[in-house]
2 protein chains.
Amino acid sequence: MVATRAGVSAATVSLVTSGKTAGRVSKENIAKVAAAVDELGYVVDGLGSSLAKGRSNIVILVAPDVSNPFYAKVIAGIRDAVGDEYQLLLSVTEAGQTPEPEDVKNLLALRPAGLLVEAPSARFLAELRSTGPMVLLDTAGIESAAPSVNFDVASGSRMLADHLGEQGHRNVAYLDSATGTETFRVRREAFCRHASGLGVDVVATATSTIDVGAAALAFAQDWPEWAAKGVTAVVCATDTHAYGVLQEARVVGIRVPAELAVTGFDDLPYSATSNPGLTTVHLPAMEMGRMAGKQLRRLMEGEEVAVAQLTLNGTLVVRGSTDASARG
Amino acid sequence: MVATRAGVSAATVSLVTSGKTAGRVSKENIAKVAAAVDELGYVVDGLGSSLAKGRSNIVILVAPDVSNPFYAKVIAGIRDAVGDEYQLLLSVTEAGQTPEPEDVKNLLALRPAGLLVEAPSARFLAELRSTGPMVLLDTAGIESAAPSVNFDVASGSRMLADHLGEQGHRNVAYLDSATGTETFRVRREAFCRHASGLGVDVVATATSTIDVGAAALAFAQDWPEWAAKGVTAVVCATDTHAYGVLQEARVVGIRVPAELAVTGFDDLPYSATSNPGLTTVHLPAMEMGRMAGKQLRRLMEGEEVAVAQLTLNGTLVVRGSTDASARG
DNA sequence: CTGAAAGCGCTTACAG
DNA sequence: CTGAAAGCGCTTACAG
């Protein structure tokens, strides 16, 4: 330990660097150590420190697909809540994949102070022998004993169905996400069930990956059939899908919302400024990150969480893409 | 060490788990250890292991803004090249911020096997006392002794200028990025210099953050003035800016490319499917990640890199947004 | 208030 | 081929 030379003692340095000097180290020594640390540009070695303490100060977020503006907000919320005594690091799985147990096994060897897992698969939860503080995000439709923070996407879907029903739609199409994530299954099923109770029928379904181009293509292929079935609205699993529909509609000359209403889900930034603006379910991403971070923090500090399963509600944001007054 | 009990020895286990059994451990013992490891679900503790070896097996990528489809590709390339004996982890700075020395200081305490830094600031490079393998990505305009992989964005800008000149444009506007990243300065300056040599003048400039809505707004505000100056093309610092222009043009009823040509930079996935398709400079993101990963790998294995400064060329992709045949 | 000592979980020469 | 031993850089009771 380099700083030892410059100062006086050995263990004392540790006390100083970890800020545990309260009534244990003289002012003189604190000053000496501080000076030495400065001169030598010393930084506590995380490895040795962590090994001695039994765990590191890193918090790992395992996320499926960071290249989504949605996650950027979640991450911002997490960082906010976790604080800087922990080091937040991301482990990104292959694009579109949900995290698998193998991915986490190696991560666990790092002895993280805490683990945050976004959109885990059912298999993941079954196999993972959790070792330490962990909170799950976005586990829609999967039950688990681990603390989690979720969106109530089902209620969002119902609000969408209500809105469409009020606007007079009777036959709608559903453009689903091709990734098998649970949240999308829940979104669709909740919508279909609630809608049918209102006399709004989902008469056709298509799927595409979460990509504007792919969604546009899927819509282009199915639109003739949908039109023949009297479809007047397309409900999309995500805003991204909706952008594809909006784009293709413009190309083909379908007027939105006059001929066709379009809805999204997520409320990405672009949805407020697109033309027309997109009616969608706003999901409080940053808030989700913040809550997950808070829960984890509590766990890392050895406390219990008051409520293990947290649910955040979405809100319906009505914009131009479903404006009934524009309809013939 | 738990596995000891189940097997026979202590150090032997280490030999087995690290695969250094070549002529050093009997087959019987290898089998015994393997069995014990299986039964106990043992995983080598990364902390102890790293401390003993002097460094960890984690590779940290410090990136400014992961919520950009562009980075997803870079990351995929890196993962590809770095291989799975290393653990790739991301450290994300606040949105739009370039990495600062403080961010990395804490990261360094983790004793990473290697460090990848995307779009570092000049201050960053000046202050960082590099401790170990490191390669820089996207350092456009900044000189540094550290190995780096860059795009030759200047040549991309020149190709754009050539293209616009050939199409007969004489007065163009430039929509720049508000973030002060070097690459944007280089893009703009290279464009302006080369264009003026061709008789193409940049008669107006605006800036906005890298956001479709913000870009649309900036364009909306300045368009009347630009139109008055006879602007027939808008050159955007990124594809995202161009999307904003495309969107606003549609709202206001400006025909692209008939009345106004629009160009981007980066070639994000959406640019191929937008309407009209966006003329832009394709930057090989995945390739950049792959090269950076390879360079770092060499460094981590104690070898020298053959060439320290690597540069990748962009290519001009001409699409509908600059189709001169549509002009009056 | 302070230092000597043990120990965190591994790996790596080093004898046998 | 195999085990005992030292050591990686820290932290934390424990005597003084």
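Chain identifiers are assigned alphabetically (A, B, ...) following the order of the sequence lines, protein sequences preceding nucleic acid strands; residue numbering begins at 1 within each chain.
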[X] has a side chain; which of [options] sits nearest to it?
X        : options                   : answer
Asp45(A) : dT11(C), dT11(D), dC10(D) : dC10(D)
Ser49(A) : dC10(D), dT12(C), dG9(D)  : dC10(D)
Leu51(B) : dG3(D), dT12(C), dG9(C)   : dG9(C)

Start with the C-alpha distance between Leu110(B) and Leu110(A), add both sets of side-chain angles, then the distance that settles side chain to side chain contact (heavy atoms under 4.5 Å, CB included), and finish with yes or no.
-> CA-CA 10 Å; Leu110(B) 262 31; Leu110(A) 261 30; over 6 Å; no

[X] side chain N/O closer than 4.0 Å to the phosphate oxygens (OP1, OP2) of [N]?
X        : N       : result
Ser26(B) : dT2(D)  : yes
Tyr42(B) : dC10(C) : yes
Thr12(B) : dC1(D)  : no
Ser50(A) : dC10(D) : no
Asn29(A) : dC1(C)  : no

Distance check needed: [N] [atom2] versus [X] [atom1], whole Å only.
X         : N       : atom1 : atom2 : value
Leu110(A) : dC8(C)  : CG    : C1'   : 16 Å
Leu15(B)  : dC1(D)  : CG    : P     : 11 Å
Lys32(B)  : dG3(D)  : NZ    : C1'   : 14 Å
Leu40(A)  : dG9(D)  : CG    : P     : 14 Å
Arg55(A)  : dC10(D) : CZ    : C1'   : 16 Å
Lys53(B)  : dC10(C) : NZ    : P     : 12 Å
Arg24(B)  : dC1(D)  : CZ    : P     : 11 Å
Asn57(B)  : dC8(D)  : CG    : P     : 21 Å

Residue whose nearest DNA chain C nucleotide is more 5′ - Gly48(B) or Lys20(B) |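 Final value for this comparison: Gly48(B).
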
Nearest heavy-atom neighbours spanning Ser56(B) and Pro112(B) |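 Taking Ser56(B) first and Pro112(B) second, the nearest heavy atoms are OG-CA, 3.5 Å.
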
N-O pairing of Glu301(B) and Arg297(B) below 4.0 Å =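 Answer for the salt bridge query: yes.
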
Member of Thr311(B), Thr183(B), Asp138(B), Thr139(B) meeting the side chain to side chain donor-acceptor pair (under 3.5 Å) criterion with Asn150(B) =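 So, applying the side chain to side chain donor-acceptor pair (under 3.5 Å) to Asn150(B) and each of Thr311(B), Thr183(B), Asp138(B), Thr139(B), only Thr139(B) qualifies.
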
For dA15(C), which nucleotide is its Watson-Crick or G-U wobble mate, given both distances must be under 3.5 Å?
->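 The base-pairing partner of dA15(C), which may sit in any strand shown, is dT2(D).
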
Answer yes or no: does atom CD of Glu304(B) have more than 12 heavy-atom neighbours from other residues, nucleotides or ligands under 6.0 Å?
->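 Not buried by this count: 12 neighbours or fewer within 6.0 Å.
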
Please figure out whether Ala52(B) or Glu28(B) has its closest DNA chain D nucleotide nearer the 5' end.
->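 Result of the comparison: Glu28(B).
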
